Amino acid sequence: MYTTDMTGKKTAQPVAEDPARVAAFEARVANDEFIEPKDWMPEAYRRTLIRQISQHAHSEIVGMLPEGNWITRAPNLRRKAILLAKVQDEGGHGLYLYAAAETLGVSRDEMTEALLSGKAKYSTIFNYPTLTWADIGAIGWLVDGAAIMNQVPLQRTSYGPYARAMVRICKEESFHQRQGYEIMMHLAQGTPEQKRMAQDALDRWWQPSLMMFGPPDDKSPNTEQSMRWRIKRETNDELRQKFVDITVPQAEAIGLKAPDPALKWNEARGHYDFGEVDWDEFWAVVKGDGPVAKERMQARRKAWDDGAWVREAARVHAVKRAAAKLAAE
Amino acid sequence: MADAPPPLAACALRLGDDALILGQRLSEWCGHAPAIEIDLSLANVALDQIGQAAHFLGLAGEIEGKGRDADKLAFHRDVMDFANCLLVEQPNGDFAQTVARQFLFSHYQELLYAALAESKDARFAAIAAKALKEVKYHATLASDWVVRLGDGAEESRARMIAGLDWMWRFADELFAADEIDAALGLDKAALRSAWDARIDAVLADATLERPAAHRPVLGGRTGRHSEHLGHLLSEMQFLQRAYPGAAW
């Protein structure tokens with residue numbers, strides 16, 4: 001998921017690049033060839049990719065927090081193991097996405113610092129709290145569902161390492177999505193309290209999930225260039241519509257209702273019509289004013305700061321052992 | 001305990017509770033570890049322990065024969081009916097304290113499972129044999145960190161010493177044998193010398209001293225726990241307690 005450009009700024013134009021090289025590059029991309037780390041690429045392409053991939057990686061890592069919030073309270077051993085494995089998968093995704101970004105000449109530490117300083121963004125969705133167990137179902141079903149929709153096209157994105165990471169990630173995400181829906185299904189068929197919990201979670205996560213596809217197309221300045229570069233393959237509004245069309249019947253099938261009075265099947269369009277997303281809320285959350293944005297950043301900063309001595313120990317130890325080995329030879 | 005379980009069920013409970021409580025503790029780290037790689041490896045260990053807990057608690061319920069399954073045992077008992085050792089319920093503390101707990105426990109668990117894998121009771125032997133590979137990895141992982149932190153930087157060394165010092169008083173309990181273990185033909189005391197040798201070898205590599213002897217703190221096996229366990233259970237059991245009878 002988490003691949004929408006949320007900076008709202010126009011990408012810097014390439015500076016004095018050989019037009020022939022640019023043209024050759026553009027032709028390769030248009031031809032759906034993969035660009036590899038050692039290949040020449042326009043500086044703006046490289047920068048855009050670093051921003052997009054690192055933002056995606058940060059989202060995976062920050063995304064561990066809302067779900068991690070329920071691991072110790074999972075309702076039975078099976079659910080506990082599934083959730084733990086799921087959150088672990090997110091960490092793994094973060095790891096290979098950071099590795100993919102590193103091939104573009106930026107280090108993981110630099111990217112982490114950018115996240116912690118607030119310079120780098122992550123998906124707005126993780127700035128909302130997980131209040132009940134049903135939120136774990138809703139996140140799997142809706143958030144991972146939206147993520148898959150964003151990511152499936154990226155398996156064919158133009159940058160090789162990113163595309164290959166996406167192939168792996170998509171497989172796991174679709175598994176997560178089914179697990180989340182299964183949690184919701186159980187709750188929706190459970191006691192009245194459980195059903196209430198499920199509906200309440202859907203009510204709270206519906207709008208934030210729609211926001212995951214990013215601003216409307218007419219407010220998404222980078223879309224055109226990103227589409228040309230095959231960094232993006234469908235527009236925000238196209239993906240959002242697809243998500244609504246797939247998710248609404250899934251909710252109905254388990255007796256839940258998406259919280260939108262304007263939601264209605266439009267026979268002529270062959271799509272659901274749905275109400276306007278609260279974009280003021282979206283932009284506020286992008287700017288760092290999400291309900292639990294401070295908590296999320298505090299947790300990441302604490303993990304990073306508290307872990308500094310561990311990372312330092314590993315470094316010092318490796319140096320010591322290497323020196324000892326050298327001395328012994 | 002109102003009704004003492006049959007000795008073999010009690011054996012399975014001890015094994016299951018050790019794994020469950022340690023798995024629960026380790027899962028508290030998820031998303032908060034010092035590096036992503038560490039996060040992933042702690043989650044691996046937690047997952048293994050929770051899987052082992054499900055097997056052993058399932059077996060305990062089966063032997064007991066009162067219709068309690070692994071979840072019923074995990075989520076519907078109070079402190080005095082838990083039979084885990086005190087070591088595994090100790091708080092995570094900093095990463096060094098977590099490593100110290102894992103180090104002392106995993107070497108014990110590996111030796112224990114190796115012995116159990118030879119048990120005449122095929123049910124215990126099957127679970128232990130399958131889990132043995134997992135806990136071997138846990139022991140290696142923990143030992144590597146003891147060495148890295150002990151023979152690392154000044155701060156990590158001080159923290160590793162403090163972590164070991166915190167956990168050391170609970171080590172003797174691991175090897176305290178009684179008639180319940182005897183029901184399974186287990187001689188835990190016999191594992192001690194092998195454990196001592198392993199611990200000492202790793203400490204030597206880490207350039208660390210064995211912590212000073214401490215009067216053993218005992219009681220976990222008979223439900224006499226530390227204050228920490230009640231808080232762990234109230235968090236872990238919250239949903240099952242708040243919504244009795246609901247299926248998840």
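Labels below follow one simple rule: chain letters A, B, ... track the order of the sequence lines, proteins then strands, and each chain is numbered from 1. Owing to the predicted nature of the structure, the values given are computational and were not obtained by experimental measurement.
- For the options A/P75, A/G307, A/G91, A/A81, heavy-atom pairs under 4.5 Å to chain B are most numerous at A/P75.
- The contact between B/Q240 and chain A is made entirely by side chain atoms (from C-beta outward), counting heavy-atom distances below 4.5 Å.
- The side chain to side chain contact (heavy atoms under 4.5 Å, CB included) search around B/N84 returns B/D17, B/D18, B/I21, B/F82, B/V88, B/E89, B/H225, B/L229, not counting sequence neighbours.
- Heavy-atom distances place no part of A/R315 under 4.5 Å from chain B, backbone and side chain included.
- Residue A/K294 qualifies as open at atom NZ: its count of foreign heavy atoms under 6.0 Å is 12 or below.
- For B/H32 against A/A299, the heavy-atom pair with the smallest separation is CE1-CB, 4.2 Å.
- When all heavy atoms of A/Q88 and B/L40 are compared, the pair lying nearest together is NE2-O, 2.9 Å.
- For B/A33, the part sitting under 4.5 Å from any heavy atom of chain A is the backbone (N, CA, C, O) and nothing else.
- A/Q194 contributes a side-chain N or O that, together with a main-chain N or O of B/A247, makes up a donor-acceptor pair within less than 3.5 Å.
- Looking at B/L232, neither its backbone nor its side chain comes within 4.5 Å of chain A, counting heavy atoms on both sides.
- Contact of B/L42 with chain A is not made at all, since no heavy-atom distance falls under 4.5 Å.
- Of the listed residues B/D71, B/L20, B/L57, B/D39, the one with more heavy-atom pairs under 4.5 angstrom with chain A than any other is B/D71.
- When every heavy atom of B/L149 is checked against every heavy atom of A/A313, the shortest pair comes out as CD2-CB, 3.8 Å.
- Using a 4.5 Å cut-off between heavy atoms, B/W145 touches chain A through its side chain atoms alone.
- Only the side chain of B/R159 comes within contact range of chain A, with heavy atoms under 4.5 Å apart.
- Comparing A/G94, A/G190, A/A85 by how many heavy-atom pairs each has under 4.5 Å with chain B, the most go to A/A85.
- The local environment of CD in A/E193 is crowded, with over 12 non-hydrogen atoms from other residues, nucleotides or ligands closer than 6.0 Å.
- Other residues, nucleotides and ligands contribute only 12 or fewer heavy atoms inside 6.0 Å of the CZ atom of A/R196.
- When the candidates A/V316, A/I61, A/V310 are compared by the number of heavy-atom contacts under 4.5 Å with chain B, A/V310 comes out ahead.
- Ranking B/A54, B/G23, B/A153, B/A35 against chain A, the residue ahead of the rest is B/A153, based on heavy-atom pairs under 4.5 Å.
- Looking only at heavy-atom pairs under 4.5 Å with chain B, the residue among A/R79, A/Q189, A/R300, A/K302 that has the most is A/R79.
- A/R73 places no side-chain N or O within 3.5 Å of a backbone atom of B/L239 that could act as its donor or acceptor partner.
- For A/M197, the part lying under 4.5 angstrom from a heavy atom of chain B is the side chain only.
- For B/Y243, the part sitting under 4.5 Å from any heavy atom of chain A is the side chain, from C-beta outward, and nothing else.
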Evaluate salt bridge (charged side-chain N to carboxylate O under 4.0 Å, His left out) for A/R108 paired with B/E37, printing each intermediate quantity in order. CA-CA 13 Å; A/R108 204 209 296 182; B/E37 289 83 349; 2.4 Å; yes

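- For A/N76, the parts lying near chain B are the backbone and the side chain together; criterion is any non-hydrogen pair under 4.5 Å.
- How far CE of B/M236 is from CG of A/L77: 7.5 Å, rounded to the nearest 0.5 Å.
- B/D151 has a carboxylate O that lies under 4.0 Å from a charged side-chain N of A/R321, or vice versa, which qualifies the two as a salt bridge.
- Highest contact tally toward chain A, considering only B/E155, B/E235, B/Q237, is held by B/E235 [criterion: heavy-atom pairs under 4.5 Å].
- Around the CH2 atom of A/W304, the shell of radius 6.0 Å holds more than 12 heavy atoms that belong to other residues, nucleotides or ligands.
- Closest heavy-atom contact between B/I50 and A/K80: CD1-CD, 3.6 Å.
- Looking at residues two or more places apart in sequence or on another chain, you find a ring-ring contact (aromatic ring centres under 6.0 Å, His included) between A/Y98 and A/H58.
- With B/R148 contributing its side chain and A/A318 its backbone, the two residues share no donor-acceptor pair below 3.5 Å.
- Considering every non-hydrogen atom in both B/W248 and A/H186, the closest pair reads C-ND1, 3.9 Å.
- A/F175 CZ: 12 or fewer foreign heavy atoms inside a 6.0 Å radius.
- Closest approach of A/V87 and B/C30 over heavy atoms only: CG1-SG, 3.4 Å.
- Most heavy-atom pairs under 4.5 Å with chain B: of the set A/L84, A/V62, A/T132, this distinction falls to A/L84.
- Counting only distance, with no hydrogens or angles, the side chain of B/Q24 and the backbone of A/T72 share a donor-acceptor pair below 3.5 Å.
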